[in-house]
Amino acid sequence: MPDIIDGNKISEEIHAELAAHLANISGRKPCVALVRVGDDPASISYVAKKSKVAAKIGIESRLNILPESTTQEQLDSLIDNLNADETVDAILVQAPLPKHLNEQATFNRVSAAKDVDGFSFANLGKLCQEDKSAFVACTPAGIIELIKRSGVETRGKRAVVVGRSLIVGKPLALLLMQKGIDATVSVCHSRSENLKQICKEADILIAAVGRPNTITADMVKDGACVIDVGINRIPCAEKKSGYKLVGDVDFESVAPKCSKITPVPGGVGPMTVAMLMANTVKSFFARSQK
Ligand code: GUN
């Protein structure tokens, strides 16, 4: 059986490193403003989790919860206020936003210096330029951290990313090809021909599609490292909540073929939160040196 990469354990290590880094600061703590619009159940739970982890590390979080009916002007005005607030180091607008709001315009409105999600054009441009001051999107940054801390060899290896989203696929492809990571990267998506053959060439296969059972055993090379980014809620009568979380990978059939694999839950998910905290701390120190 493969090594199961323990995202909970690795994220706890990062929390402890960040808490130690903050132990000697005097004055105000780092502060992240969390913005949630509407009542999407997944967003409620993610924002609550981010707030809880922040408190544990010694980061202040300020919750800004707006109704579903919020207009673009109202959301813009909140972001402008948070941009101008000197006591706020980091701003995160939880996606997805309600359909009537413009997600990309909202992400671009966040000041680049506080854009800990790394979704603004300024930070995506910096990432492209391999500028170390960039804020890198939390899920891709978390995946790279998982890969590094699990001792997965990337140099010269074939990495296949399935999914081309702004939140995961695109920035992850850029990170994997960066100097020092040095993977040979392919990006596949819903229109890709020969998906199975391309996936089968991967030493590192990353599924970020948002659809259960997209990756099956016949698509995976023996000994590959498989990273499952999917967090899909499917109905489950046995669970008190009425649903269970599954990834994009058919874990049961794929796991026996892998050298390493991430579980869902407990793989990539906690790393996203850990990297939000790391980016908030990075912003705090960068801003305090200005
Ligand atoms: N929704 C799913 N993942 C993310 C993320 O990393 N950041 C934000 N803001 N929203 C998300």
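As the structure lists them, so they are numbered: ligands from 1, and atoms in each ligand from 1.
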Quiz prompt | Atom indices of ligand 1, in the order listed, that fall short of 4.0 Å to a heavy atom of Val93 | solution = 8 (C), 9 (N)
Quiz item: What is the closest protein heavy atom to atom 10 (N) of ligand 1, and at what distance does it sit?
Solution: Ala95 N, 2.9 Å
Exercise. Decide, yes or no, whether a salt bridge links Lys196 with Asp218 under the criterion of side-chain N to carboxylate O below 4.0 Å.
Key: yes
Quiz item: So, Ser192 side chain and Leu195 main chain: donor-acceptor pair closer than 3.5 Å or not?
Solution: no
Quiz item: Considering only the protein, which heavy-atom contact is closest to atom 3 (N) of ligand 1, and what is its distance?
Solution: Ile167 CG2, 4.0 Å
Quiz item: Quick one: nearest non-hydrogen protein atom to atom 9 (N) of ligand 1, plus distance?
Solution: Asp117 OD2, 2.6 Å
Quiz prompt | salt bridge (Lys or Arg N to Asp or Glu O under 4.0 Å) against Asp89, all qualifying residues, sequence neighbours excluded | solution = Arg28, Arg287
Quiz item: Evaluating non-hydrogen atoms only, which member of Arg36, Lys50, Gln94 is closest to atom 11 (C) of ligand 1?
Solution: Gln94
Quiz item: Tell me the salt bridge (Lys or Arg N to Asp or Glu O under 4.0 Å) pairs involving residues 41-69, sequence neighbours left out?
Solution: Glu12-Lys56, Glu60-Arg62, Arg62-Asp85
Practice problem: Consider ligand 1: state whether an atom of it lies below 4.0 angstrom from any non-hydrogen atom of Phe119. | Solution: yes
Exercise. Verify the distance criterion only: is there a donor paired with an acceptor across the side chains of Gln72 and Thr106 at less than 3.5 Å?
Key: yes
